Amino acid sequence: MKLCMIGTGYVGLVSGVCFADLGNEVVCVDNNISKINLLKKGKIPIYEPGLSELVAKNFKNKRLNFSSDLKKSVRESDIIFICVGTPTKKGGSSADLSQIYNVSKEISSSINKFKIIITKSTVPVTTGDEIEKILSKKNNKKKFSVASNPEFLREGEAIRDFTYPDRVVIGTNDKKTGKILKNLYSPLISKGASYLQTSRRAAELIKYASNAFLATKITFINEIANLCEKIDINVEDISIGMGLDKRIGGRFLRAGPAYGGSCFPKDTKAIISTADKFKTNLSVIKSVIKSNENRSKILLDRVYQILNKKIRKKKITFLGVTFKANTDDMRDSSSLKMIPWLSKKGAIINYFDPTGLKKEFSKLKNVTHQTTIKSAIEGSDLVIIHTEWNDFKSINFKNLVKGKKFIIFDMRNIYSSSKIEDQGFRYYSVGK
Ligand code: UGA
């Protein structure tokens, strides 16, 4: 079976290279020619641990190729994965599906034999129905099958998540398609991944419901953390105590800054928009969005209190600015709210991130990128650990800036308070 991945973002590139690594012949397509040329030279446009090695290996053994010729690539393939972006519509909350539909039109004129067309991008319920309509205009329905196969990859862990998934979800009512796709995923199923075949619409909704539920879990624990701070309880004890109940589970119960990234903020809004369309009130998810949007304000208020209500001229360091560790992605990172607010209030900000300078801050007053942890924290009044990079997990602050004292606000609860206080620093964390 020949595979074609359309779109070389996180979803398309990671899935494409991982399918190639499982022994399939894969072509990854993008309309961005310079991106394709870079990929052919082994240059990876995204930061994802392990990805460049895997691309180089599979490109060399010719199982993986790159092309900007969509039509030719589709003609030569049996299974087509649509992996283009579905961002939030400008000025709205629903998903912008223009890339999905444009690609579908292009595929439509290249169906020369039976093909399975699969949405791997996160798409609202009934998008598969629309794609089917587009393809039916030019093609006999026997010549193609439209399925849904949502991805559950996390940035920074994407290769592991692809190789050892909890589950593979395939949405199709067509027996032949189900059989072919189960076979495609058989190396992962035989390693223990659960396989679930549902209707196409159900598969589409499983993705949104899963992301909305995970976002709810995080928001829930963040609110419990607010309560813990008032009554001298450690939120980590609560997460552990709750998580030991198998019905709840301990993962995604880490309190911290607002959840961010390219998925949870976008997908929670999009599922509300779908529900509105079908006249259903998803009130829980609505309040999750609201609570998360308020999260940065709560943490900034804490910064204000920690600094005795004086922010002007205070030197504040951000360790990490990406929305989470192991990614260079800044989309919806809470630092994008915090740093501009503090800069506006007159703070002098230094930041260090293992993935380097961020253009998002380049126009802000008194915000400077530093290339080392040491230079970032030198002369600081307050050090904020914003992202849980491994690089920040065992800093000896005392040795790093001899004789200097500053306050540490650990928004990811990386350190134990006694360890930092023993070094002579005032230490604050979240939910304690
Ligand atoms: C998320 C889902 O976890 C993936 O399953 C899904 O495939 C992906 O979206 C997607 O839809 O493509 P991702 O956005 O890469 O993956 O990142 P997560 O690891 O889920 O983290 C999202 C946010 O939640 C981050 O801001 C993170 O810091 C935060 N988070 C996560 C917490 O604050 N606490 C936790 O316990 C876990």
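All figures in this text were calculated on a predicted structure; none of them were measured in a lab. We use all heavy atoms of the structure for the numbers below, so side chains are in, but hydrogens, waters and symmetry mates are not. Atoms within a ligand are numbered from 1 in the order they appear, just like the ligands themselves.
- Taking a 4.0 Å cut-off on heavy atoms, Gly260 registers as neighbouring ligand 1.
- The nearest heavy-atom contact from the protein to atom 18 (P) of ligand 1 is Lys324 NZ, 3.6 Å.
- Under 3.5 Å, the side chains of Asn281 and Lys286 contain a donor-acceptor pair of N or O atoms.
- A salt bridge between Glu236 and Arg254 is absent, with no side-chain N of the basic residue lying under 4.0 Å from a carboxylate O of the acidic one.
- The protein non-hydrogen atom at the shortest distance from atom 28 (O) of ligand 1 is Arg412 NH1, 2.9 Å.
- The protein atom (non-hydrogen) at minimum distance from atom 5 (O) of ligand 1 is Phe152 O, 3.2 Å.
- For the ligand labelled ligand 1, residue Lys207 lies inside the 4.0 Å heavy-atom shell.
- Of the options Thr219, Ile218, Asn326, Ile221, the smallest heavy-atom separation from atom 33 (O) of ligand 1 is shown by Ile218.
- Side chain of Ser121 to backbone of Val84: a donor-acceptor contact under 3.5 angstrom is found.
- Remark: ligand 1 atoms within the under-4.0 Å shell around heavy atoms of Glu155 are 15 (O).
- In terms of modelled atom types and a separation under 3.5 Å, the side chain of Thr387 and the main chain of Thr322 share a donor-acceptor contact.
- Checking only distances, Glu388 never comes within under 3.5 Å of ligand 1, N or O to N or O.
- Heavy atoms of Gly261 stay at 4.0 angstrom or farther from ligand 1.
- Taking the six-membered ring where tryptophan is involved, the planes of Phe397 and Phe406 are perpendicular, since the angle between them exceeds 60° and thus also 30°.
- Inclusion of Leu214 in the set of residues having an N or O under 3.5 Å from an N or O of ligand 1 is not warranted.
- Ring geometry for Phe361 against Tyr351 counts as perpendicular: the plane angle is over 60°, on a 0 to 90° scale with 30° as the lower cut.
- An N or O contact shorter than 3.5 Å links Glu151 to ligand 1 by distance.
- Given atom 25 (C) of ligand 1, the protein heavy atom at minimum distance is Phe323 CD1, 3.6 Å.
- Each of the atoms 23 (C), 24 (O), 26 (O) of ligand 1 lies under 4.0 Å from some heavy atom of Tyr259.
- For atom 3 (O) of ligand 1, the closest heavy atom belonging to the protein is Arg154 CG, 3.2 Å.
- The closest donor-acceptor contact from the side chain of Asp174 to the backbone of Ser145 lies at 3.5 Å or more, if one exists at all.
- Of the protein's heavy atoms, Cys263 SG, 2.8 Å lies nearest to atom 10 (C) of ligand 1.
- Under 3.5 Å, the side chains of Ser98 and Asp96 contain a donor-acceptor pair of N or O atoms.
- Of the N and O atoms on the side chains of Lys393 and Asn390, at least one donor lies less than 3.5 Å from an acceptor on the other residue.
- Of the heavy atoms in Asn211, only side-chain atoms (C-beta onward) come closer than 4.0 Å to ligand 1.
- Listed for the Asn65 side chain is no donor-acceptor partner under 3.5 Å among the backbone atoms of Phe59.
- With 3.5 Å as the limit, one finds a donor-acceptor pair spanning the side chains of Arg167 and Ser210.
- Checked options Asp329, Asp166, Asp161; the residue passing with Arg154 is Asp161 (criterion: salt bridge (charged side-chain N to carboxylate O under 4.0 Å, His left out)).
- Comparing Asp161, Asn292, Asp329, Leu153 by heavy-atom distance to atom 4 (C) of ligand 1, the nearest is Leu153.
- When only non-hydrogen protein atoms are considered, atom 34 (N) of ligand 1 lies nearest to Arg254 O, 2.9 Å.
- Only the side chain of Phe264 comes within contact range of ligand 1, with a heavy atom under 4.0 Å; no backbone atom does.
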